[in-house]
Amino acid sequence: MAKETFDHSDIEKKTQEKWEALSLYTTDLTDTEKEKYYLLFEFPYPSGDLHIGHWYAFALTDIFARKKRMEGKNVLFPIGFDAFGLPAENAAIKNGVNPKDWTEQNMETMRAQIRTMGTSVDWSKEVVSCDPEYYKWTQWLFTKLYEHKLAERKTAPVKWCPKDQTVLANEQVIDGRCERCGSEVEEKNLTQWFLKITAYAERLLADLEPLPWREEIKEAQRAWIGESEGAHLTFTAHTGEADVLHPIEVFTTRPDTVFGATYLVLAPEHPSIDVLIQDALNADLVRAYQKETGKKTERERSENKAKTGVVLEGITATNPATKEEVPVYIADYVLNSYGTGAVMAVPAHDERDFEFAQRYALPVVQVIEPSFVDGKNPHVEGKEVTDRNGVIGIVRNKKNNTYLCLAWKHADWTTFVTGGIEEGEDALEAAKREILEETGYGGLEFVATLGNTRSEFFASHKEVNRIGHTTSFLFDLVSDTQSETTSEEKAKHDVLWLTEQEMHARGMRHAEFDYLWKRVTEGLQAYTGDGYLLNSEQFSGRDNREVLEEMVTYAGGEFVKNYRLRDWLVSRQRYWGCPIPVVYDPDGEPHLVPADHLPWLLPEDVDLTPGARGEGTSPLATSKELKERVTRIFGEGWTPEYDTLDTFVDSSWYFLRYLTPRDDHTFSDQGLMKSWLPVDRYSGGSEHTTMHLLYARFFQKALYDLALVPTSEPFNERFNRGIILGPDGQKMSKSKGNVVNPDAVVKEQGADAVRMFLAFVGPYNEPGSYPWNLDGVHSMRRFLDRVYLLRERRTEREATPDELKALHRAIDKIGNDIERFKFNTAISTLMIFVRELESNPTVAQEVFRSLLILLAPLAPHLAEHMWEQAEYKESVHTQVWPSVDVSLLEEETMTITVQVNGKKKGLITVSKKLTQETVEQEALGDPAVIAALKGASPSRVIYVPGRTLNIVIPG
RNA sequence: GCCCAGGUGGUGAAAUUGGUAUACACGCCUGCCUUAGGAGCAGGUCCCUUCGGGGGUGGAGGUUCAAGUCCUCUCCUGGGCACCA
């Protein structure tokens with residue numbers, strides 16, 4: 001027997017027509033009676049096919065839009081098309097179609113498909129970014145940015161995609177490849193248009209703080225902006241015999257280590273090189289190095305692990321702290337585009353500098369003493385503190401991989417050879433002497449200085465707090481000959497040769513053991529942590545974090561903040577984009593196209609075939625009409641700008657245009673922006689976190705400063721949604737053949753079942769990935785069929801207390817869940833509610849009516865259909881979202897978990913009026929509890945009202 | 001390497017933020033119905049069990065009367081950044 005069901009196709013058609021006839025979703029932006037709510041999703045690129053991902057993006061935000069509307073908000077829920085972009089152009093080249101026609105046809109298809117979802121988007125506000133009436137204002141905004149020096153033309157090394165034949169913004173390069181087509185990106189020096197997003201780095205960062213966004217989104221933006229605090233210090237270069245002074249500014253985050261700066265490194269592109277090279281004795285080598293590295297991209301340079309460089313012979317620079325002369329190198333491990341393109345190299349405290357110093361045998365001067373606290377003998381409060389210099393001598397026997405150690409007799413200590421430095425002795429001599437005195441070994445070969453360390457401990461035999469400054473050395477044993485040690489020494493300790501395992505087993509007493517051991521086994525390395533200054537004149541001995549300000553002043557520098565963020569390169573050598581509204585005079589100087597000539601139309605007589613133009617040039621260069629237009633308007637000798645704008649410019653302000661999509665006099669109405677901005681909630685994909693979202697924030701701030709928009713942040717809440725995977729759990733792609741066509745499923749199961757399935761897969765407020773599952777759609781359809789059957793039980797009678805309780809519980813949870821984009825749990829609550837209603841033969845009128853209202857955002861078509869069938873008035877979607885009657889949620893009884901020593905032993909259901917005493921009595925009478933107590937009497941009872949009673953018994 | 005999220009049944013996932021772990025579904029198992037279907041309905045489904053219970057949220061410790069939730073360490077997975085001085 002076929003189950004009774006509803007004809008979804010018929011219902012969808014009918015209800016969608018009804019909504020259109022009622023203009024249910026055309027928002028009156030001037031309505032000030034109701035509170036506004038601006039709900040935005042990222043406008044789609046018209047790729048031509050609506051895939052299930054579009055459903056996930058639009059149909060689910062629609063759930064929220066409908067509920068907000070029922071709550072009495074004036075909801076703006078617009079849609080548009082991000083219609084400029086490469087695919088149209090590629091399709092044009094491949095199939096010989098016109099990009100405009102291709103795009104328009106795709107939009108037509110998608111509009112029809114989107115309508116099948118039954119979303120409540122407001123089509124009357126539609127914006128299309130490739131439409132001249134839209135891009136007129138993209139151009140106008142560009143001219144405003146230019147007038148305020150936020151758009152500029154400059155020559156810079158830029159990322160070039162050889163396949164797409166265009167430059168890319170930094171953000172569009174992923175792992176050295178084009179984000180769009182995956183080709184290896186090249187580097188070119190081109191003159192291009194940039195928007196000065198870097199001018200807003202600090203504010204983009206600071207204004208992030210109060211935004212109610214998930215921390216991970218903020219963190220990704222912070223990382224992208226990449227602020228680092230440091231200082232500019234000036235090293236003065238001396239050039240050869242002429243002894244001309246040339247200042248070189250460096251950026252460092254560690255000005256505290258300036259005494260350890262033993263050489264200077266410039267990026268190969270650093271402008272000072274041209275000056276310095278005139279006096280360099282090896283100009284040829286330097287030029288050759290510049291040429292060689294110039295051929296490589298930044299990525300290729302970093303792939304080559306070994307650091308290379310060339311010294312500028314005959315040139316030195318004065319370290320502003322030590323006043324000593326240090327050599328100057330050029331090396332490609334220094335990036336010209338970050339900081340000042342020059343660094344002071346502190347090999348002792350920077351890994352990269354250390355590596356370079358090792359390779360070129362440059363001096364390593366330790367200026368930070370790492371500090372260790374002896375956890376077993378920490379400083380004792382109130383005792384005198386004395387400093388003491390000492391040595392540690394580590395002797396390695398390579399033959400059997402053992403190390404010379406002392407086992408102390410007065411305590412359970414094992415150490416390396418250690419001792420003090422005597423008058424007139426240097427540390428190395430002291431180490432050798434101590435080794436000989438304490439162990440009798442004299443046949444040593446010096447291997448390395450392991451550097452200085454500082455340790456804090458309490459010297460119990462002297463009753464003083466010690467700060468030990470220790471210099472450690474590594475030796476190899478070259479002769480087994482052991483001389484006799486004094487009886488005094490023998491009384492103090494035994495001499496042992498220990499393996500690494502043995503040392504670990506005994507536990508070496510040195511607080512700095514791990515630090516030393518790493519250097520014994522792995523070799524010398526840079527120490528990048530904090531500590532106390534060393535070899536730094538009057539600063540020596542002080543905490544490195546405390547000397548920063550004084551040090552910067554001393555070295556004549558200043559504190560600065562530096563950003564990883566680069567200016568936004570917006571020129572694209574592509575056809576299907578917004579023309580940059582600029583022309584060049586006969587001298588090649590750029591001029592804005594005056595406002596009365598906007599929109600500056602994209603020419604149509606272009607040859608898109610890749611061979612038709614020179615490399616690095618836009619297809620617009622093939623247009624005769626464009627050239628003639630420029631000559632006609634501006635005069636002979638004037639030439640057009642051929643590049644178009646990055647499509648991210650189009651999408652940086654589209655949400656402003658939604659307010660007045662057809663207005664020919666302004667990009668957006670000031671009054672409406674005042675009442676409608678910022679966007680209340682913006683839903684989109686996590687891939688836009690560091691691109692679109694950052695660009696749009698920058699645009700908003702720039703326009704805010706120009707008094708063109710009323711808020712400095714465009715979006716209040718931001719939710720990154722997840723993605724729908726193919727049925728195989730893999731990311732959908734044509735090549736894998738796992739792309740789900742929603743049209744067929746919608747036809748078979750209905751739009752409501754599809755959107756409810758998508759809503760059910762997981763929380764919509766976090767970016768997960770969920771596999772498509774047809775069984776899941778079936779199960780939603782089954783549920784909707786059950787809801788449909790409930791109409792037969794609708795009865796004219798008063799609601800029972802049980803019904804009301806079930807209803808209000810559902811209202812409460814569903815409302816809260818939809819509010820937080822947790823549609824999955826909203827649906828499960830609805831399912832539970834429906835099951836409760838099914839358990840009775842009839843459903844009270846009032847409850848049935850409320851059920852349809854709760855169903856409306858989730859299954860808008862069926863809810864509307866059933867609303868009509870029940871002969872209720874108007875539309876279910878214009879009803880008021882029910883409010884919760886909290887008094888109805890309360891139960892007279894409560895179920896309490898009874899625990900014994902925290903373990904659940906049973907549940908008791910008792911009247912809510914009972915006090916702890918009576919609950920306790922009740923619980924103690926429970927057979928399971930009696931058994932668990934085994935006659936013991938409770939030592940303590942914890943009662944969490946309405947939840948838990950925990951009886952604690954001893955033992 | 002650094003910085004963020006996460007790790008709960010066979011699967012997607014819940015858990016009112018420290019108080020009954022696995023809600024709601026999918027799948028699977030058993031049965032019913034049958035016009036034999038990619039249909040519907042009913043029941044079962046974390047593991048062990050001597051049927052009294054016992055164990056269980058990646059692993060190891062810890063805090064607490066009580067831990068999926070808090071702390072420490074550790075191992076995986078996903079994402080971001082990466083020669084950024």
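Below, chains carry the letters A, B, ... as their sequence lines are ordered, and counting in each starts from 1. All values below were derived from every heavy atom in this structure, side-chain atoms included, with hydrogens, water molecules and symmetry-related copies excluded. The structure presented is a predicted model; accordingly, all values stated were derived computationally and were not measured.
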Determine if the base of [N] is syn or anti; take syn to mean the glycosidic torsion is within 90° of 0.
N     : value
B:G52 : syn
B:U30 : anti
B:G9  : syn

A:T528 vs A:R254, side-chain hydrogen bond (donor to acceptor under 3.5 Å, both in side chains): CA-CA, chis, key distance, verdict | CA-CA 10 Å; A:T528 58; A:R254 292 294 300 271; over 6 Å; no

Heavy atoms only, 4.0 Å cut-off, all strands: where does [X] land among base, sugar-phosphate and nothing?
X      : result
A:P767 : nothing
A:V346 : nothing
A:K822 : sugar-phosphate
A:L774 : base

To the nearest 0.5 angstrom, please state how far the CG atom of A:L862 sits from the CG atom of A:L784.
->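 Going from CG on A:L862 over to CG on A:L784, the span is 5.5 Å.
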
If you check the [X] side chain, which of [options] turns out closest?
X      : options             : answer
A:V761 : B:C65, B:G12, B:A85 : B:G12
A:D775 : B:G12, B:C26, B:C81 : B:C26
A:K905 : B:G54, B:A5, B:A85  : B:G54
A:P763 : B:A13, B:A25, B:G12 : B:A13
A:V952 : B:A85, B:C65, B:A25 : B:C65
A:S779 : B:A25, B:A14, B:G80 : B:A25

Take atom [atom1] in [N] and the same atom in [M], then report the distance between them in whole Å.
N     : M     : atom1 : answer
B:U63 : B:A14 : P     : 32 Å
B:A67 : B:G19 : P     : 11 Å
B:A15 : B:G68 : C1'   : 9 Å
B:C2  : B:U74 : P     : 11 Å
B:G7  : B:C71 : P     : 14 Å
B:G43 : B:G78 : P     : 41 Å
B:G61 : B:G10 : P     : 23 Å
B:G53 : B:G58 : P     : 28 Å

Can A:R721 be said to sit on top of A:F719's aromatic six-ring, NZ or CZ under 6.0 Å from centre and within 45° of the ring axis?
->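 Verdict for A:F719: no cation-pi partner in A:R721.
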
Which whole-number value in Å describes the distance from [X] [atom1] to [N] [atom2]?
X      : N     : atom1 : atom2 : value
A:F356 : B:A85 : CZ    : P     : 19 Å
A:I953 : B:A66 : CD1   : C1'   : 15 Å
A:N336 : B:C83 : CG    : P     : 15 Å
A:E766 : B:G79 : CD    : C1'   : 14 Å
A:M780 : B:G38 : CE    : C1'   : 18 Å
A:R721 : B:G79 : CZ    : P     : 17 Å
A:E219 : B:G78 : CD    : C1'   : 16 Å
A:E216 : B:C81 : CD    : C1'   : 15 Å

Under a 4.0 Å N-O cut-off, is there an ion pair linking A:E215 with A:R222?
->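 Looking at A:E215 and A:R222, the cut-off is met.
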
Salt bridge present between A:K747 and A:D743 (N-O < 4.0 angstrom) =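 No.
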
If you find the nucleotide of RNA chain B closest to A:Y563 and the one closest to A:M831, which residue's nucleotide is nearer the 5' end?
->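 It is A:M831, whose closest nucleotide lies nearer the 5' terminus.
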
Please tell me which of A:A928 and A:F251 maps to the more 5' nucleotide of RNA chain B, matching each residue to the nucleotide holding its nearest heavy atom.
->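 Counting from the 5' end, the first nearest nucleotide belongs to A:A928.
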
On the nucleotide [N], are OP1 or OP2 found under 4.0 Å from the side-chain N or O atoms that [X] carries?
X      : N     : answer
A:R782 : B:G40 : yes
A:R222 : B:C81 : no
A:Y338 : B:A85 : yes

Nucleotides 16-23 of chain B: which of its N/O atoms have a protein N/O under 3.5 Å away?
unit_1, atom_1, unit_2, atom_2, d
B:G19, O2', A:T948, OG1, 3.2
B:G19, N2, A:Q899, OE1, 3.4
B:U20, O4', A:T897, OG1, 2.9

Determine whether the aromatic ring centres of A:F356 and A:Y263 lie less than 6.0 Å apart.
->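 Yes: the rings meet the under 6.0 Å criterion.
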
Verify the ring-centre separation between A:F821 and A:F823: is it less than 6.0 angstrom?
->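 That pair passes the under 6.0 Å test.
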
State the dot-bracket string of RNA chain B. Criteria: Watson-Crick or G-U wobble, both atom distances under 3.5 angstrom; notation: ( ) intrastrand, [ ] crossing earlier pairs, | interstrand, . unpaired.
-> (((((((..(((......[....)))((((((.......))))))(((....)))..(((((..]....))))))))))))....

Atom of A:Y56, atom of A:G722 and distance for their closest heavy-atom approach |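 Nearest pair, atom of A:Y56 first, then A:G722: CE2-O, 3.5 Å.
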
Mind checking what makes side chain to side chain donor-acceptor pair (under 3.5 Å) contact with A:Y338, not counting sequence neighbours?
->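 Partners of A:Y338 under the side chain to side chain donor-acceptor pair (under 3.5 Å) test: A:S228.
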
Within a reach of under 6.0 Å around CD of A:E351, are more than 12 heavy atoms found that belong to other residues, nucleotides or ligands?
->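 Not buried by this count: 12 neighbours or fewer within 6.0 Å.
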
Minimum side-chain heavy-atom gap A:F757-A:V745 below 4.5 Å =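 A:F757 does not reach A:V745 side chain to side chain.
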
With no hydrogens and no angle check, do the side chains of A:H778 and A:Q749 hold a donor and an acceptor under 3.5 Å apart?
->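 A donor-acceptor contact under 3.5 Å links the two side chains.
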
